[in-house]
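Heads up, the thing below is written out as C-alpha cells.
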Amino acid sequence: MNKDPYGQLASSLYASLNKQTRQAIGGVGAVLGTITSTGLKLDDFKHELQDYMVAELPGMLTLPRYTAAGTATLGGQQQGMTFDVEENKVEDTLFELGKGLKPGDRVLAVRVNSGNDVVVVCKVVSSGG
C-alpha cells in the first residue's frame, strides 16, 4: 500500500509538466545547420529537412562613391582611364539569400511557428573568412 498517494500524484504532475515545458521550449530558438544537395540538416535534429524557408531582405541598396581605374581600347590604342562613380541609391531591391547558398554552406536557422517551421536567416563563416 502507498504511504503518500498525494505525494505520488504531485510527483507525477511535476514530471508531466516538466516534460511538456521541455518540449515547448525545445522547439524554439536559433540553431546552426548545413545546406545539403537535397535540403537542410540542422545540428540538433537527426533528420534532414526538405521543406524549409529562406529569408529575403527587401529594401534600398546604397552604393558608395568609388573610383575605378583600368585600361580601355580606343581607336586601336590602349589607354589608361579613371572613372569616378558617385554614390547611388537603388530602390526596390531584393537580397535573395537562397540563390547564393550551396551544399556544404553552414547557416543560422531559426525555428518559428512553435518549432514547426525553420527559416534560414544567413550564411555563417568562421572569423578567418
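- Taken from CG in L32 to CZ in R106, the straight-line distance is 5.0 Å, to the nearest 0.5 Å.
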**Study point:** Pair L49-V118, side-chain contact (heavy atoms from CB on, under 4.5 Å): steps then yes or no
**Key:** CA-CA 9 Å; L49 305 172; V118 175; 3.7 Å; yes
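- Linking Ile, Leu, Val, Met, Phe, Trp and Tyr whenever their side-chain heavy atoms come within less than 4.5 Å leaves V124 and V31 in two separate clusters.
- Side-chain contact between L40 and V107: present, with at least one pair of heavy atoms (C-beta onward) separated by less than 4.5 Å.
- Atom-to-atom distance recorded for R111:CZ and F45:CZ is 8.0 Å, nearest 0.5 angstrom.
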Point to revise | Criterion salt bridge (charged side-chain N to carboxylate O under 4.0 Å, His left out) on K89 and E87, from CA distance to verdict | key: CA-CA 7 Å; K89 295 182 186 285; E87 181 178 300; 3.7 Å; yes
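- Proximity of E96 to L101: side-chain heavy atoms (C-beta onward) are nowhere separated by under 4.5 Å.
- Expressed to the nearest 0.5 Å, how far CG of L94 lies from CG of L61 amounts to 11.5 Å.
- The 12-atom threshold is not exceeded at CD of E91, counting heavy atoms of other residues, nucleotides or ligands nearer than 6.0 Å.
- One finds the NZ atom of K102 at 14.5 Å from the OG1 atom of T36 (value rounded to the nearest 0.5 Å).
- Minimum heavy-atom separation, T67 to T82: CG2-CG2, 3.3 Å.
- Around the CD atom of Q77, the shell of radius 6.0 Å holds no more than 12 heavy atoms that belong to other residues, nucleotides or ligands.
- A distance-only check finds no donor-acceptor pair linking the side chain of T73 to the backbone of G76 [under 3.5 Å].
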Exercise for review: Give the intermediate values and the outcome of salt bridge (charged side-chain N to carboxylate O under 4.0 Å, His left out) for residues E48 and K41.
Suggested key: CA-CA 5 Å; E48 180 181 77; K41 173 67 179 82; over 6 Å; no
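- In this structure, N88 places its CG atom where more than 12 heavy-atom neighbours from other residues, nucleotides or ligands lie under 6.0 Å away.
- Hydrophobic clustering of Ile, Leu, Val, Met, Phe, Trp and Tyr side chains at less than 4.5 Å, counting indirect connections, keeps Y52 apart from V110.
- One finds the CG atom of L42 at 14.0 Å from the NZ atom of K46 (value rounded to the nearest 0.5 Å).
- C122 contributes atom SG, which lies 9.5 Å from atom CG of L57 (distance to the nearest 0.5 angstrom).
- Using a 4.5 Å heavy-atom cutoff, the side chains of M53 and D117 are in contact.
- Side-chain contact check for Q50 versus T38: some heavy-atom pair is nearer than 4.5 Å.
- Residues M81 and L74 form a side-chain contact, since some pair of their non-hydrogen atoms from C-beta on lies under 4.5 Å apart.
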